[in-house]
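So the structure is just underneath, and the comments pick up after that.
Numbering starts at 1 and runs along the sequence shown. All values derive from a computational prediction rather than experimental measurement. As the structure lists them, so they are numbered: ligands from 1, and atoms in each ligand from 1.
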Amino acid sequence: MSEIAEQKVFSPPEEFKKNANVKSEEVYEEGKDYIKFWEKRAEEMIEWFKKWDKVLEVDEPYYKWFINGKLNASYNCLDRWIEKGKGDKIAYIWEGEDGEVRKYTYKQLYEEVNKFANALKSMGVKKGDIVSIYLPMIPELPIAMLACARIGAPHSVVFAGFSAEAFRQRVEDAGSKYVITCDGYYRRGKVLDHKSKTDSGIEGLDIKKVIVVKRAGNEINMKEGRDVWWHELMKDQPAECEPEEMDAEDLLFLMYTSGTTGKPKGVMHTTGGYMVGVATTMKWVFDVKEDDVYWCTADIGWITGHSYIVYGPLANGITSIIYEGAPDYPNKDRWWEIIEKYKVTILYTAPTAIRLAMKWGEEWIEKHDLSSLRLLGSVGEPINPEAWLWYYKVIGKERCPIVDTWWMTETGMHIIAPLPGVTKLKPGSATFPFPGIQAEVRDENGVCKPGEKGDLVITTPWPSMLRGLYNAHEKYVEEYWSKYGFGKFFTGDGAIIDEDGYFWLLGRLGDVLNVAGHRLGTAEVESALVSHEAVAESAVVGVPDEIKGQVPFAYVVLKQGFEPSEELKKELIKHVSTVIGPTARPADILFVEDLPKTRSGKIMRRILRNIAEGKEEVGDVTTLRNPEIVEDIKKAMTERKL
Ligand code: PRX
């Protein structure tokens, strides 16, 4: 490792460069006229029923792309490949945790999607109705999404690992009347009962139909008149359903994500721009070719899965793997076994998974032939140079470029990422903005100098940008456009640009955590804690974690009549897990008498973060209303450690 650790810059291997989809830096030049650039990509990458009249229309802070263009996302993912004679090509290879394998050719996937689109129609789903999908990593999840897209019903997929309460919030906010779920699914050999969770999530809501996939065969309740089995519904459906002609600006989906308040926000993505953005980045950043076998290990319930398991790969007509289960089941080499078995050529995963694999040891990897790999990707959080180098050497055998892709739910597609046949890589840097995109690092005083830390801001509109937050105009303006004004999209991430123009991402600033690549608002965890009868007030901060990057740490003030205890601590941790989901579990809780607050009552999280990280210097306390509490909390923290 030592000699490559000393290497600062990694040029694309000659062989890779020769065959790459993008071979020359000229594309960056071309991207400077971003309107022309994206128009060209829209022509190349997507089939339109009707061409647009205008590429971009700006009504700040709203941006519309490909005005009056008509298309259908599912048509672009399925029909066009069949029309081009690729119907027998494998679209998805799905591997269940129990070893079951299902393969779908483009034709078979097309038929399932068409049948389910007809099934949705038969249930009364119409264009414009938002359908909530609460499914684990089974083929019915992309099938349901594409069927929704086919009939013009926007989907709102909720990660299956989320709690009933988190699901309820999202169904309610979207106003969904239709839910797609399953009986249960496998995780580390155990069956998780998903239907009961779904039922308690939607209790009391006005839901017309619940479609239930039979996955695990566990005993469940079906509510008469409301619940329908997927397989029964599919039985007599015709395998043809005319794709709805959608406007480029029609809503394709909602994806809820965490922000600075306790309430998740529904990020809106529309059809035309989103498809252009994900199809292009898929082709250029992942360099996908006809014979690639691509595997993204994310869950489809997050934006990464939407863009780079469903829409991006299918819009490029390639073959992808979907794996249902845990990376360490039945053994810690399950992923490497899958790569060897299917001869995966491109692997896209998260730094947290890489660090876990590092911890498990190379012996699990050495058992397998990973020579099919030619490109590696990383997403979700900053990748530390040590993990980058390990990934490069142990998984990629110093042969595969690594594309560290920075983006977020709101951007829909990669924003800062290398072009693997062009970009010289620096371990730990996501390198440069994608062609056609401009970004800067700035603060209140203006653009930062090289090496100076500031806010990452995107300064040009891009086609797959969010089109707002569902029913929350003011929040949209406040979160993204208030800090630096219209035209300068505030990402909420800190960054540095070095002397060579490379972008180094520093993670979220402020009140959002990134736990194992999953975004989580500190306010969400706080509101879960205060929903417990014992809790008067709480403050949650992120603390560094070797594997997960960050984990929540909670300070809790108890109500009168409740005493701190180990049992209560455990109960509160469990409570958070029930209210939000396991990702949100605080790593630890410290019971305190009060929280450090400014005179206006704002909790000084910076101080709490420093204390949680064990720092001696906690920062300026002079603006506090109750500076004495800081010493008390520090003491409680030290005693806790002893
Ligand atoms: O902090 C950044 C981090 O993940 C956040 C976005 O989270 P989410 O919307 O859930 O989407 C995750 C998948 C795109 C960003 O604000 N992030 C994502 N990718 C990277 C990253 N941080 C550093 N490097 C990355 N490659």
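A salt bridge links D173 with K263: the distance from a Lys NZ or Arg NE/NH1/NH2 to an Asp or Glu carboxylate oxygen falls below 4.0 Å. Using a 4.0 Å cut-off between a side-chain N of Lys or Arg and a carboxylate O of Asp or Glu, K265 and E479 qualify as a salt bridge.
Pocket lining of ligand 1, defined as residues with a non-hydrogen atom under 4.0 Å away: I303, T304, V379, G380, E381, P382, D404, T405, W406, W407, M408, T409, D493, L505, R508, N514, R519.
Remark: R508 pairs with M408, D493, V512, R519 by the side-chain contact (heavy atoms from CB on, under 4.5 Å) rule, at least two apart or across chains. Every side-chain contact (heavy atoms from CB on, under 4.5 Å) that I46 has, sequence neighbours left out, goes to W48, L71, N76, R80, M275, V276, A279. Residues satisfying the side chain to side chain donor-acceptor pair (under 3.5 Å) criterion with D545, sequence neighbours excluded, are absent altogether.
Between M358 and E386, some side-chain heavy-atom pair lies under the 4.5 Å cut-off.
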